[in-house]
Participant: 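Please read through the structure below; I'll follow up with questions.
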Protein chains: 4
Amino acid sequence: MSPRTKIQFEEIRQKSRENIEKIALELFASKGYHATSISQIAEKAGISKGLLYNYFESKEQLLNSIIMKVYDELMKIVGMNDNLPADKQIEQMIIQTIEHLKKNITFWRLYLFLIHQSEVQKQLKELYNKMRIDYMDFVIKLFSEIGSKNPDMDALLLGTMFDGIALNYVTVPEDYPIDELKNYLIEVFVKNKKVKK
Amino acid sequence: MSPRTKIQFEEIRQKSRENIEKIALELFASKGYHATSISQIAEKAGISKGLLYNYFESKEQLLNSIIMKVYDELMKIVGMNDNLPADKQIEQMIIQTIEHLKKNITFWRLYLFLIHQSEVQKQLKELYNKMRIDYMDFVIKLFSEIGSKNPDMDALLLGTMFDGIALNYVTVPEDYPIDELKNYLIEVFVKNKKVKK
Amino acid sequence: MSPRTKIQFEEIRQKSRENIEKIALELFASKGYHATSISQIAEKAGISKGLLYNYFESKEQLLNSIIMKVYDELMKIVGMNDNLPADKQIEQMIIQTIEHLKKNITFWRLYLFLIHQSEVQKQLKELYNKMRIDYMDFVIKLFSEIGSKNPDMDALLLGTMFDGIALNYVTVPEDYPIDELKNYLIEVFVKNKKVKK
Amino acid sequence: MSPRTKIQFEEIRQKSRENIEKIALELFASKGYHATSISQIAEKAGISKGLLYNYFESKEQLLNSIIMKVYDELMKIVGMNDNLPADKQIEQMIIQTIEHLKKNITFWRLYLFLIHQSEVQKQLKELYNKMRIDYMDFVIKLFSEIGSKNPDMDALLLGTMFDGIALNYVTVPEDYPIDELKNYLIEVFVKNKKVKK
DNA sequence: AATGAATGAGTATTCATTCAT
DNA sequence: CATGAATGAATACTCATTCAT
């Protein structure tokens, strides 16, 4: 008869939020932001529309919340393994990005969607820019350390390749020979650079 | 004045269709498919909504019609210059794709949008697959002709690079050093291959 | 088969607009602005919700449109009879206001509603102020002409009386002895003033 | 510590009720009934929504409860000073009504709001009628005692004036010369009557 | 007595599509 | 061929009310 404690309430909220975000991520990623309705999200999450608004104040804010998670996760991949030497770090970054892509296809689908749905809102554009800059800063340094003649260009190319691979893998996962590409990337971006050094 | 012949009518219809498609392409690419309304298209095309439905039976069918044009145009770039030697053909394909991208950012924005839509619509998925296969067939042959050790992989990589470049250029056109990339691509995909031969 | 002319369309629009405004006036006046839904207006007007938005771009704008009519009508009563001598003008203003009130109870209900729902929006507040000032300017002049010792106060009092009478009549039309009041007002605001002159 | 007695509990309940009513009155009067949500009331009152429903079975019933208070308070003003002679009682009633209006603008705003609502709710209509009758009974008697030739009409007029003044003062408190009106009312409704006697 | 998560019917608004003219 | 009035289902969002704890 006594009311739940604050902690209990907080747990309930946290679980609900995460559940909603998970469902919304899937739907946004597979159908796009505009083509996904709040009703669909609520229904698939097994809750009422009203409750969704108890946790997210708008559809846009729900998207933002998800984007933040995407950003954090991508940055985690990049920043991982910073105790290794630079060449190994790049190698690991390539391996782990590809692995992550294979295991989290939904997640990457959303990432790609967001990039060119950036007309949706300024915030997204800003975040995307921040993400690019953070990525470039970090990876340029790595390429410098392994003696690349043009670390800016190499970092840019690697990023571009990741985008292209993700785009293709996400579109035709069963037909795209992603593992062969992985080895090729390591060869081009790690082994060849070192030889030249 | 004699009544217009059937052929004249057909020409008028054709021009009207093309005008609508042109306007719709612009709007879809700049604002997105969902955010563009039939009213806006009709208004910008200077016709009534009713008349638009005289030419296209639905918004979706209008999109499909546009997609066909995108397909044709992309294939035109690939198939161009088939009187040149293979290495020059690849070089030209790279140059012209990049040039096309720079001049038709709107068009490519739509192309990328479509890739995602293909997840949802069967028709689109089929078209996208056809496009990939046609591209691969043609480009694999070119790489074979210049003596590539792994023409399948080279064709795939070049296609992936195009996608990655398009994605980045479309997102941040002013910040993306597309011309430097062009030269690099030619070096990697044309000059280096030939040397190895 | 040929489309309607512009004039025909304009007539259709005009009739529809007026019908919607009439129904909306009734509902806003009897239930209040917030308590009246677009659905109710559309249903009572025998049209779809969508069509209503073809004519008025929002609920608020529909209200504004109605308010303008209220304003025009009230000012018409005040400004009427400007060819008569001042004392007759005041007398006529009293008579016609009361008559108008008796015949257009709905209309006055809305006027009263609006006054203290003016927090609804700035526009309303501004219009109300304009209305007060226009009324005062005109009526003060009339009282001056008949030699009132305090024309400002007399104009204010008469306005206040109109408001009080309208409020009471609108609330209990059958129980409020409005005709007796009419005569009393004429006596107090016209005959007594003149005597003193 | 002994358990609280029933009476203590009752007192706590009573205080809680009054607190909620006070907060709700403020919000209803300043934002309007429809624009005020139960959540807002609960939050401002420092309690949960659930608890509010422990005290009032619905939003409407909460409003009704408040209305009763409005009624009581208005009647208090009228019935005050019944030990004075009639002319002084009327004078005091005028003075105190105006003073009350100046100090409790929120309260009067609600009173005016309620008059309109009475169109919708039967309960309210009945209460309003009771209020009018009680007021008239009492004030007619006063005017009779000071020898008014038409006490019914005088009582009605005074009530009408109060309504009109309240309406105007509540709408534009800073622009309405309420104090000058007070003196005028006393002159018209008290001094002039007596002279004629 | 007290909490706030959860519901569901309701709100204003939009828009692809139809159709009488 | 051409118009735009008209529809209705869908959209994001709100809120009074209920109820398990």
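Every heavy atom of this structure was used, including side-chain atoms; hydrogens, water molecules and symmetry mates were not. Proteins come first, then strands; the chains are lettered A, B, ... in the order of their sequence lines, and each starts at number 1.
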Participant: Report the distance from atom CD of B/Glu43 to atom P of E/dC15, rounded to the nearest whole Å.
Facilitator: 13 Å

Participant: Any side-chain donor paired with an acceptor under 3.5 Å for A/Gln14 and A/Glu18?
Facilitator: yes

Participant: Of the options E/dA5, F/dC1, F/dT7, whose atoms approach the side-chain atoms of C/Ser48 most closely?
Facilitator: F/dT7

Participant: Could you state the atom-to-atom distance from CG of B/Leu62 to P of E/dA16 in whole Å?
Facilitator: 11 Å

Participant: I want to verify a distance call: between F/dT3, E/dT3, F/dC1, whose nearest atom is closest to the A/Phe9 side chain?
Facilitator: E/dT3

Participant: Around atom CD of D/Glu43, are there more than 12 heavy atoms of other residues, nucleotides or ligands at under 6.0 Å?
Facilitator: no

Participant: Going by modelled atom types, is there a donor-acceptor pair between the base of E/dT11 and the side chain of C/Lys59 at under 3.5 Å?
Facilitator: no

Participant: Just checking C/Leu51: base, sugar-phosphate only, or nothing, at a heavy-atom cut-off of under 4.0 Å?
Facilitator: base

Participant: Nearest whole Å is fine: how far is F/dA16 C1' from D/Ile41 CD1?
Facilitator: 11 Å

Participant: Return whichever of C/Gln40 or A/Ile12 has its heavy-atom-nearest nucleotide of DNA chain E closer to the 5' end.
Facilitator: A/Ile12

Participant: So if I take every side-chain heavy atom of A/Tyr53 and compare against F/dC1, F/dT17, F/dT14, which nucleotide ends up nearest?
Facilitator: F/dT14

Participant: Counting side-chain heavy atoms from CB outward, which of F/dA5, F/dC1, F/dC13 is closest to A/Ser58?
Facilitator: F/dC13

Participant: Give a yes/no verdict on a cation-pi contact between C/Lys59 and C/Tyr33, requiring under 6.0 Å between NZ or CZ and the six-membered ring centre and an angle within 45° of the axis.
Facilitator: yes

Participant: Taking only the side-chain nitrogens and oxygens of C/Arg13, find out if one of them lies under 4.0 Å from OP1 or OP2 of F/dG4.
Facilitator: no

Participant: Does F/dA5 have its OP1 or OP2 closer than 4.0 Å to a side-chain nitrogen or oxygen of C/Asn54?
Facilitator: yes

Participant: As a test of reading the structure: which of E/dA5, E/dA1, E/dT17 is closest to the side chain of B/Ile38, going by heavy atoms?
Facilitator: E/dT17

Participant: Can you tell me the pairing partner of E/dA9 across any strand shown, Watson-Crick or G-U wobble, with both distances under 3.5 angstrom?
Facilitator: F/dT14

Participant: Between D/Arg109 and D/Ser30, is there a donor-acceptor pair closer than 3.5 Å when you use the side chain of the first and the backbone of the second?
Facilitator: no

Participant: If you check the A/Tyr55 side chain, which of F/dT11, E/dA6, F/dA5 turns out closest?
Facilitator: E/dA6

Participant: Can a side-chain donor-acceptor contact be found between B/Ser16 and B/Tyr55 if the only test is distance below 3.5 angstrom?
Facilitator: yes

Participant: Go ahead and name the base partner of F/dA20; Watson-Crick or wobble counts if both distances stay under 3.5 Å, otherwise write none.
Facilitator: E/dT3

Participant: Round to a whole Å and report the spacing from CD1 of B/Ile20 to P of E/dA16.
Facilitator: 15 Å

Participant: Rounded off to whole Å, could you give me the CD1-to-P distance for the A/Ile47 and E/dT7 pair?
Facilitator: 7 Å

Participant: Rounding to an integer number of Å, can you tell me how far C/Leu52 CG sits from E/dC15 P?
Facilitator: 16 Å

Participant: Which sits closer to the 5' end of DNA chain F, D/Ser39 or C/Glu10, going by the nucleotide each is nearest to?
Facilitator: C/Glu10

Participant: Identify whether any heavy atom of D/Ser16 sits under 4.0 Å from a base atom; if not, whether one sits that close to sugar-phosphate; answer base, sugar-phosphate or nothing.
Facilitator: nothing

Participant: Counting heavy atoms not belonging to D/Gln40, are there more than 12 under 6.0 Å from its CD?
Facilitator: yes

Participant: Given atom CD of A/Glu11 and atom P of E/dA5, what is their separation to the nearest angstrom?
Facilitator: 13 Å

Participant: Quick one: which of F/dA12, E/dA1, F/dA6 gets closest to the side chain of B/Lys49?
Facilitator: F/dA6

Participant: Could you state the NE2-P distance from A/His34 to E/dA16, rounded to the nearest angstrom?
Facilitator: 13 Å

Participant: Check every atom of E/dA12, F/dA12, F/dA6 against the side chain of C/Ser37 and return the nucleotide holding the closest atom.
Facilitator: E/dA12

